[in-house]
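A short worksheet on the structure shown next.
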Amino acid sequence: MADRRKLEGYQFWEETLKKARYVVAPMVDQSELPWRLLSRRHGCQLAYTPMFHAALFSREETYFRDAMQTCPEDRPLIVQFCANDPDILVQAALLAQDHCDAIDLNLGCPQSIARRGHYGAFLQDDWDLIRRLVSAVHERCSVPVTCKIRVFQDVKRTVEYAQMLEKAGCQLLTVHGRTKEQKGSLTGLASWEHIKAVKDSVKIPVFANGNILNLQSVERCMKETGTDGIMTAEGNLHNPALFEGKNPPVWEMADEYLQLVRENPCQLSAVRGHLFKLWHHSLQIHTDMRTALAQGKTFESLVEVSEEMKKRCQEEASKPGADQPTNGLPFPHWICQPYIRPRGDQKEREQANKERPPKRHLNQEGENAGLSRNQIKRRMRYPHKNFLSKGLGPWIACEKCGNPKGLNCVFSLCRACCKVQAHAEKMDCPSHRLWFKTKEERRRLWEEKKHQKQQENTSNEHEDNTSPDPDNPNNSVKNEDGSLTTQVEEKCEVNGKETQASQHGGGPVLSEKAPVVPPHHQQDPKGAEADDKMPDIKNGDIQDSPPTKVCLLDTD
């Protein structure tokens with residue numbers, strides 16, 4: 001791949017991203033290749049991959065192969081990672097940089113899994129670590145680094161946060177106008193005021209994210225915040241043609257998406273999730289199809305559910321007056337339209353969230369004492385199964401991420417953290433069935449055996465070239481002039497004390513008084529002796545010379 005010039009800031013946005021203004025957000029298990037292609041067909045100018053785990057991306061070949069599904073039509077493209085280690089993030093970025101136009105660091109995920117893994121929005125208080133993450137990618141990768149963040153309650157602190165990222169090397173910033181606490185029932189509205197303050201305080205391109213339901217809200221957000229582009233997630237999932245300003249029938253988008261999946265296969269869970277989003281309003285009426293969609297185990301079964309929904313909705317649409325909105329929706333339920341989350345009183349939602357009981361180790365009464373809610377449900381389905389605790393008590397948290405740690409783990413960590421450390425130190429952990437040290441030793445042993453076998457093969461080939469002909473009973477060697485010379489067995493002793501050469505029929509034996517003549521002092525082919533070059537045997541020239549291995553041949 002030819003070296004490309006690394007651009008920064010607005011030059012990167014204008015030349016590489018082609019001044020992209022309509023952006024599809026990174027969505028876990030939702031922004032895969034077929035959906036990105038569908039969105040690009042209907043107005044999307046820039047797309048992000050789903051969030052990838054940097055450690056798995058750089059270590060697991062299967063994970064990397066499944067994650068990096070792309071094609072020439074899927075550009076410009078930004079790959080997003082979650083990470084909390086600069087070296088691991090750089091390793092993943094170096095693997096991905098030839099397949100994308102930029103690397104994005106996820107600093108906005110508010111889910112509980114991000115809290116346990118210490119990434120996403122739960123890094124936003126550790127500015128030193130974030131600075132090192134961004135700087136490492138900026139300095140060592142050939143593509144720019146971008147960031148997606150959530151805001152703080154305080155506008156001033158949010159501005160300082162954005163300026164710190166810009167100084168660290170961030171070349172494009174996406175601001176989601178919600179705090180990390182605004183999720184689930186507490187989602188609420190995004191603050192465009194925070195986004196505008198960030199835009200006015202930095203000199204790099206800024207994308208706005210939050211409260212985007214249709215093309216009208218896109219235009220209004222750009223006008224109020226002054227950002228360079230608009231990113232949408234949930235609005236795009238319910239209406240892929242949002243950036244075109246259209247509201248097509250659901251079956252048109254579903255059929256087009258399923259055809260793209262046939263051409264670019266992806267995980268079945270992603271297909272099911274998209275069909276749930278597209279048919280969301282219709283599934284509130286046809287509840288039996290909701291169950292069928294959830295239980296579909298193959299791609300064809302999901303296609304059948306979508307075809308049945310298409311048939312039912314087309315029948316409803318053909319009836320007189322069917323074009324009138326239903327259930328308080330702006331359009332009939334078979335039309336692609338945004339899903340608006342129900343928003344009650346803020347205090348009521350906060351109180352409901354506080355009163356929610358914990359999911360683990362509930363203090364139930366009677367026979368359910370000590371069981372979690374899920375265990376109680378399973379016990380109702382399987383009354384004869386024992387769900388009582390084995391006396392291990394509450395689980396012990398992992399030192400690194402807070403997940404339950406293995407009781408017999410070598411490092412006293414959970415399996416995910418143990419796998420990372422065992423791989424780095426080339427150690428085994430029988431408790432988690434990790435065998436990095438054993439595999440490395442087996443690999444070295446296999447290489448040694450392979451090398452030894454190669455040497456034996458080379459030695460055997462050399463012996464075959466010099467060994468006598470088995471068909472020759474006299475074990476003689478044929479000379480260049482056609483004569484035969486009988487080979488002899490050699491037995492030589494150092495410093496010429498004893499030299500024995502025996503032919504197959506018996507041969508002469510020389511005592512230590514017999515002179516041993518080196519090959520270069522033997523007679524020439526014509527029989528003339530080279531006396532002037534011959535050493536003085538009496539003076540001990542031969543005895544003082546290095547040990548010489550000689551063979552006496554029968555010259556007769």
Side-chain angles (χ1 to χ4, degrees), residues 24-42 44 47-53 56-57 60-74 77 79-80 99 111 113 233-234 236-241 248-317 333-337 339 374 377-378 381-382 385:
V24 171
M27 298 172 286
V28 176
D29 207 20
Q30 296 284 267
S31 55
E32 79 289 349
L33 177 59
W35 190 259
R36 297 198 300 265
L37 295 176
L38 176 67
S39 301
R40 292 179 190 277
R41 289 183 181 182
H42 296 280
C44 168
Y48 284 64
T49 67
M51 180 193 73
F52 300 139
H53 197 290
L56 296 177
F57 190 91
E60 303 286 346
E61 181 179 356
T62 303
Y63 185 93
F64 168 79
R65 184 173 59 252
D66 294 340
M68 285 311 305
Q69 290 186 348
T70 184
C71 62
E73 295 79 14
D74 188 31
L77 177 68
V79 175
Q80 187 186 70
H99 307 279
Q111 304 303 323
I113 189 174
E234 198 163 66
N236 166 262
L237 293 177
H238 289 275
N239 182 13
V250 174
W251 57 79
E252 291 184 4
M253 295 293 97
D255 290 347
E256 189 173 354
Y257 170 69
L258 292 174
Q259 180 58 37
L260 286 170
V261 173
R262 291 188 181 94
E263 299 171 0
N264 306 275
C266 63
Q267 293 182 352
L268 193 66
S269 59
V271 181
R272 183 186 292 107
H274 283 301
L275 292 180
F276 265 118
K277 294 290 185 181
L278 290 172
W279 291 108
H280 174 81
H281 299 295
S282 299
L283 290 173
Q284 307 305 313
I285 299 174
H286 303 280
T287 55
D288 60 321
M289 300 308 298
R290 185 180 187 88
T291 303
L293 183 59
Q295 295 178 349
K297 302 299 182 182
T298 63
F299 175 73
E300 294 303 326
S301 64
L302 301 184
V303 173
E304 291 176 2
V305 174
S306 183
E307 289 295 329
E308 179 62 23
M309 289 295 299
K310 174 181 177 180
K311 179 181 177 181
R312 294 186 184 185
C313 291
Q314 286 180 339
E315 290 177 357
E316 293 184 30
H333 63 82
W334 58 80
I335 298 297
C336 290
Q337 55 193 303
Y339 167 66
N374 289 334
K377 291 180 180 179
R378 289 198 295 270
R381 295 164 60 185
Y382 308 102
K385 190 173 180 180

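Note that the numbering runs from 1 along the sequence shown for the chain. Keep in mind that this is a model prediction, so the values were computed, not measured.
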All side-chain hydrogen bond (donor to acceptor under 3.5 Å, both in side chains) counterparts of Asn264, not counting sequence neighbours: none
With side-chain contact (heavy atoms from CB on, under 4.5 Å) as the criterion, how do Ile335 and His281 come out once you've worked through the C-alpha distance, each side chain's angles and the decisive distance to 0.1 Å? CA-CA 9 Å; Ile335 298 297; His281 299 295; over 6 Å; no
Rounded to the nearest 0.5 Å, how far does CD of Gln314 lie from CH2 of Trp334? 11.0 Å
Rounded at 0.5 Å granularity, tell me how far NE2 in His274 sits from CG in Leu237. 6.5 Å
Please determine whether side-chain contact (heavy atoms from CB on, under 4.5 Å) holds for the pair Leu33 and Cys71, giving the CA-CA distance in whole Å, both sets of side-chain angles, and the decisive distance to 0.1 Å. CA-CA 8 Å; Leu33 177 59; Cys71 62; 4.1 Å; yes
Across all chains, not counting sequence neighbours, the side-chain hydrogen bond (donor to acceptor under 3.5 Å, both in side chains) partners of Ser31 are none
For the student: nearest non-hydrogen atoms of Arg40 and Ala47, plus distance: NH2-CB, 3.4 Å
Roughly how far, to the nearest 0.5 Å, is the CD atom of Glu234 from the CE atom of Met27? 10.0 Å
Once side-chain hydrogen bond (donor to acceptor under 3.5 Å, both in side chains) is applied, do any residues pair with His333, and if so which ones, sequence neighbours excluded? Ser282, Glu316
Taking only residues two or more places apart in sequence, or in another chain, which ones meet Asp29 in a side-chain contact (heavy atoms from CB on, under 4.5 Å)? Gln267, Ser269, Ala270
Would you be so kind as to tabulate the donor-acceptor pairs closer than 3.5 Å made by side chains of residues 253-262, with sequence neighbours excluded?
residue : atom : partner : partner atom : Å
Asp255  : OD2  : Lys310  : NZ           : 2.9
Glu256  : OE1  : His42   : NE2          : 3.1
Glu256  : OE2  : Arg41   : NH1          : 3.1
Glu256  : OE2  : His42   : NE2          : 3.4
Tyr257  : OH   : Glu32   : OE2          : 2.8
Gln259  : OE1  : Arg262  : NH1          : 3.4
Gln259  : NE2  : Glu263  : OE2          : 3.3

Holding to ring pair (Phe, Tyr, Trp, His ring centres under 6.0 Å), I want the full list of residues that pass it with Phe52, two or more places apart in sequence or in another chain. Phe57
So, using salt bridge (Lys or Arg N to Asp or Glu O under 4.0 Å) as the criterion, who are the partners of Glu307 when residues are at least two apart? none
Mind checking what makes side-chain contact (heavy atoms from CB on, under 4.5 Å) contact with Val250, not counting sequence neighbours? Leu278, Trp279, Cys336
Closest approach of Asp74 to Gln69 (non-hydrogen atoms, all atoms of both residues): OD2-O, 4.4 Å
Could you report the tightest heavy-atom contact between Gln337 and Asn239, atom names first, then the distance? N-CB, 4.4 Å
Would you list the atom pairs, donor with acceptor, under 3.5 Å between side chains in residues 287-298 and any protein atom, with sequence neighbours excluded?
residue : atom : partner : partner atom : Å
Asp288  : OD1  : Arg312  : NH1          : 3.1
Asp288  : OD2  : Arg312  : NH1          : 3.4
Asp288  : OD2  : Arg312  : NH2          : 3.0
Thr298  : OG1  : Ser301  : N            : 3.2
Thr298  : OG1  : Ser301  : OG           : 3.3

State which residues pass side-chain contact (heavy atoms from CB on, under 4.5 Å) with Glu61; sequence neighbours excluded, sorted by chain then number. Arg65
If I take atom OG1 from residue Thr70 and atom CZ from residue Arg36, how far apart are they, to the nearest 0.5 angstrom? 5.5 Å
side-chain contact (heavy atoms from CB on, under 4.5 Å) between Val79 and His99: does it pass, once the steps are laid out? CA-CA 9 Å; Val79 175; His99 307 279; 5.9 Å; no
Given side chains that start at C-beta, do those of Leu275 and Leu302 come closer than 4.5 Å, heavy atoms only? yes
Step-by-step side-chain contact (heavy atoms from CB on, under 4.5 Å) determination, Gln30 to Val24: CA-CA 11 Å; Gln30 296 284 267; Val24 171; over 6 Å; no
Residues in ring pair (Phe, Tyr, Trp, His ring centres under 6.0 Å) contact with His280, at least two apart in sequence or another chain: His238, Tyr339
Please list, chain by chain and in numerical order, all residues satisfying side-chain hydrogen bond (donor to acceptor under 3.5 Å, both in side chains) with Arg272, sequence neighbours excluded. none
